[in-house]
Amino acid sequence: MSAGCEEVGEGALRILAGLVEARTGQQFAADRRWRLDSALRPLLARFDAPTLDSLIGRVISGREAALADAVVEALLNHETFFYRDMASFKQLEEQGLARLREARAERRTLRIWSAGCSTGQEPYSLAMMFADRAAHWAGWQIEILATDLSPEVIVRARAGLYSQMEVQRGLPIRQMMRRFDARPGDSWQANEALRRAVTFRVHNVLEPPPAGPFDIILCRNVLLYFSADVRRLVFDRLASAIAPDGVLMLGAGETTLGQTARFVSDEGCRGLFRPGCAEPDSHDPPTLWMSRA
């Protein structure tokens with residue numbers, strides 16, 4: 001690598017990490033620095049920068065807002081795939097949804113928020129879960145709101161267009177043939193009915209949440225990248241948006257234990273979480289620069 005990340009000074013790395021954390025709350029840890037070169041190198045031609053060092057120097061100067069936005073976007077982790085942690089989806093359907101279906105039998109509505117949805121595979125997986133049991137949910141109004149802080153990934157998610165590799169990650173062939181249409185260039189697009197089932201919006205989980213209450217909130221593999229203080233703030237945001245008997249679904253490696261009193265493990269839905277303490281956690285909120293998105 002002619003201008004790889006090993007050539008970037010520690011001071012510059014700290015500034016980049018600070019920029020990412022200030023805008024998104026995510027910590028750019030040392031073990032993620034290997035991504036620096038591969039993530040930023042595509043920006044060289046776009047911003048007419050001869051080397052990675054020169055690109056970073058321009059970011060540090062603070063005079064190019066568009067460049068700073070592009071760098072933050074490039075350094076975010078958008079890893080996702082269909083039915084990620086299939087066991088968790090089955091748990092949600094067989095335990096969480098079963099309980100909520102009984103509790104909401106009179107009004108027959110469900111509101112679901114997929115927070116940090118990335119390119120959309122998670123909310124589309126939810127929509128397919130309901131579509132597969134259409135008769136079971138006949139007469140119900142199912143609202144799925146999916147949000148992410150990145151405008152670029154929301155555009156991709158809304159289009160529902162995926163490469164052959166992306167569509168094969170976690171998506172059974174039967175689902176692919178039923179719910180996706182082949183497109184030129186070995187691409188597949190979620191069909192119109194599936195795309196209509198999900199509403200996508202740009203939103204940062206550090207900001208006040210969308211209007212609730214939501215019966216189910218998924219915030220999976222998002223909290224991993226936050227500091228303890230930011231994590232508590234996010235839990236407060238989620239708690240203010242969930243119904244008193246709602247269900248929170250986190251990533252397989254995430255928990256509320258020792259993190260917050262706003263949610264506790266759900267004894268009736270093992271592996272899921274329910275609202276706990278009604279009062280916000282006692283802490284001084286972290287000072288963060290909110291993204292214009």
Side-chain angles (χ1 to χ4, degrees), residues 79-118 120-133 136-137 140-148 170 197-198 203 205 209-210 212-226 228 230-281:
E79 169 71 6
T80 187
F81 51 90
F82 291 101
Y83 295 103
R84 187 173 186 177
D85 304 321
M86 176 63 85
S88 296
F89 275 92
K90 287 187 177 295
Q91 189 175 55
L92 177 65
E93 181 176 21
E94 295 172 1
Q95 297 182 40
L97 276 175
R99 188 183 71 190
L100 285 169
R101 190 175 191 276
E102 182 178 348
R104 305 291 188 269
E106 184 173 341
R107 77 182 197 202
R108 297 167 76 85
T109 63
L110 279 177
R111 300 190 70 222
I112 303 172
W113 176 23
S114 170
C117 70
S118 187
Q121 286 92 323
E122 177 178 278
Y124 283 136
S125 297
L126 284 170
M128 286 186 283
M129 190 170 68
F130 285 105
D132 286 346
R133 302 193 66 192
H136 185 69
W137 293 101
W140 282 70
Q141 180 180 345
I142 311 295
E143 175 187 333
I144 302 175
L145 173 66
T147 66
D148 197 277
V198 183
H203 176 265
V205 292
F214 293 95
D215 303 297
I216 300 171
I217 296 178
L218 292 85
C219 187
R220 307 174 69 221
N221 306 296
V222 174
L223 302 170
L224 294 170
Y225 303 108
F226 295 149
V230 174
R231 209 172 293 133
R232 285 194 295 269
L233 172 62
V234 174
F235 277 127
D236 284 347
R237 299 299 198 199
L238 300 178
S240 70
I242 201 167
D245 60 345
V247 172
L248 172 67
M249 183 177 177
L250 301 178
E254 296 170 321
T255 183
T256 64
L257 186 63
Q259 308 289 328
T260 180
R262 302 303 303 275
F263 291 95
V264 295
S265 294
D266 193 326
E267 295 178 1
C269 301
R270 189 176 177 184
L272 302 175
F273 302 87
R274 60 179 173 81
C277 176
E279 295 300 319
D281 289 321

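- Once rounded to the nearest 0.5 Å, the distance linking CD of Glu122 with CZ of Phe81 reads 11.0 Å.
- Remark: the backbone N or O of Gln121 is paired with a side-chain donor or acceptor of Ser125 at under 3.5 angstrom.
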Run the side chain to side chain contact (heavy atoms under 4.5 Å, CB included) test on Leu250 and Gln259 for me, step by step, so that the C-alpha distance in whole Å, both residues' side-chain angles and the decisive distance to 0.1 Å come before the verdict.
CA-CA 13 Å; Leu250 301 178; Gln259 308 289 328; over 6 Å; no
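- Side-chain contact between Phe130 and Leu97 is present, with heavy atoms from C-beta onward closer than 4.5 Å.
- Within the model, atoms CD1 of Ile216 and CD1 of Ile242 stand 8.5 Å from one another, a figure rounded to the nearest 0.5 Å.
- Taking the charged nitrogens against the carboxylate oxygens, Asp236 and Arg262 do have a contact shorter than 4.0 Å, which makes a salt bridge.
- In this structure, the side chain of Arg231 engages the main chain of Leu223 through a donor-acceptor pair within 3.5 Å.
- Taking all atoms of both residues into account, the shortest heavy-atom contact from Phe235 to Thr255 is CZ-O, 3.9 Å.
- Ion pairing between a basic and an acidic side chain is recognised when a charged N comes within 4.0 Å of a carboxylate O; Glu254 and Arg220 show no such pairing.
- A side-chain contact (heavy atoms from CB on, under 4.5 Å) with Trp113 is found for exactly one of Leu218, Ile144, Thr147, namely Thr147.
- Asp245 and Ala103 make their closest contact through OD2-CB, 4.0 Å (heavy atoms, listed as atom of the first residue, atom of the second, distance).
- What you find for Asp148 and Cys117 is that their closest heavy atoms are OD2-N, 3.6 Å.
- Note: Leu238 CG to Leu233 CG = 9.5 Å, rounded to the nearest 0.5 Å.
- Counting all heavy atoms, side chain and backbone alike, Ala241 lies closest to Pro210 at CB-O, 4.4 Å.
- A salt bridge (charged side-chain N to carboxylate O under 4.0 Å, His left out) with Asp215 holds for exactly one of Arg111, Arg101, Arg107; it is Arg107.
- Applying the side-chain hydrogen bond (donor to acceptor under 3.5 Å, both in side chains) test to every pair with at least one member in residues 89-100, sequence neighbours left out, gives these pairs: Arg99-Asp266.
- In this structure, OG on Ser114 lies 11.0 Å from OH on Tyr124, to the nearest 0.5 angstrom.
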Could you walk me through whether Leu110 and Trp137 pass the side chain to side chain contact (heavy atoms under 4.5 Å, CB included) test, one step at a time?
CA-CA 10 Å; Leu110 279 177; Trp137 293 101; 3.7 Å; yes
Side chain to side chain contact (heavy atoms under 4.5 Å, CB included) between Met128 and Tyr83, worked out
CA-CA 10 Å; Met128 286 186 283; Tyr83 295 103; 3.3 Å; yes
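- In this view, Phe273 satisfies the ring-ring contact (aromatic ring centres under 6.0 Å, His included) rule with no residue, not counting sequence neighbours.
- Minimum interatomic distance between Pro209 and His203 (heavy atoms only, all atoms of both residues): CA-NE2, 3.7 Å.
- Put simply, OG on Ser265 and CG on Leu272 are 9.5 Å apart, with the number rounded to the nearest 0.5 Å.
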Start with the C-alpha gap between Val234 and Val222, add the side-chain angles, then the distance that decides, and say whether side chain to side chain contact (heavy atoms under 4.5 Å, CB included) holds.
CA-CA 10 Å; Val234 174; Val222 174; 5.9 Å; no
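- Closest heavy-atom contact between Ala252 and Asn221: N-OD1, 4.3 Å.
- Rounding to the nearest 0.5 Å places CZ of Arg237 at 13.0 Å from CD1 of Ile217.
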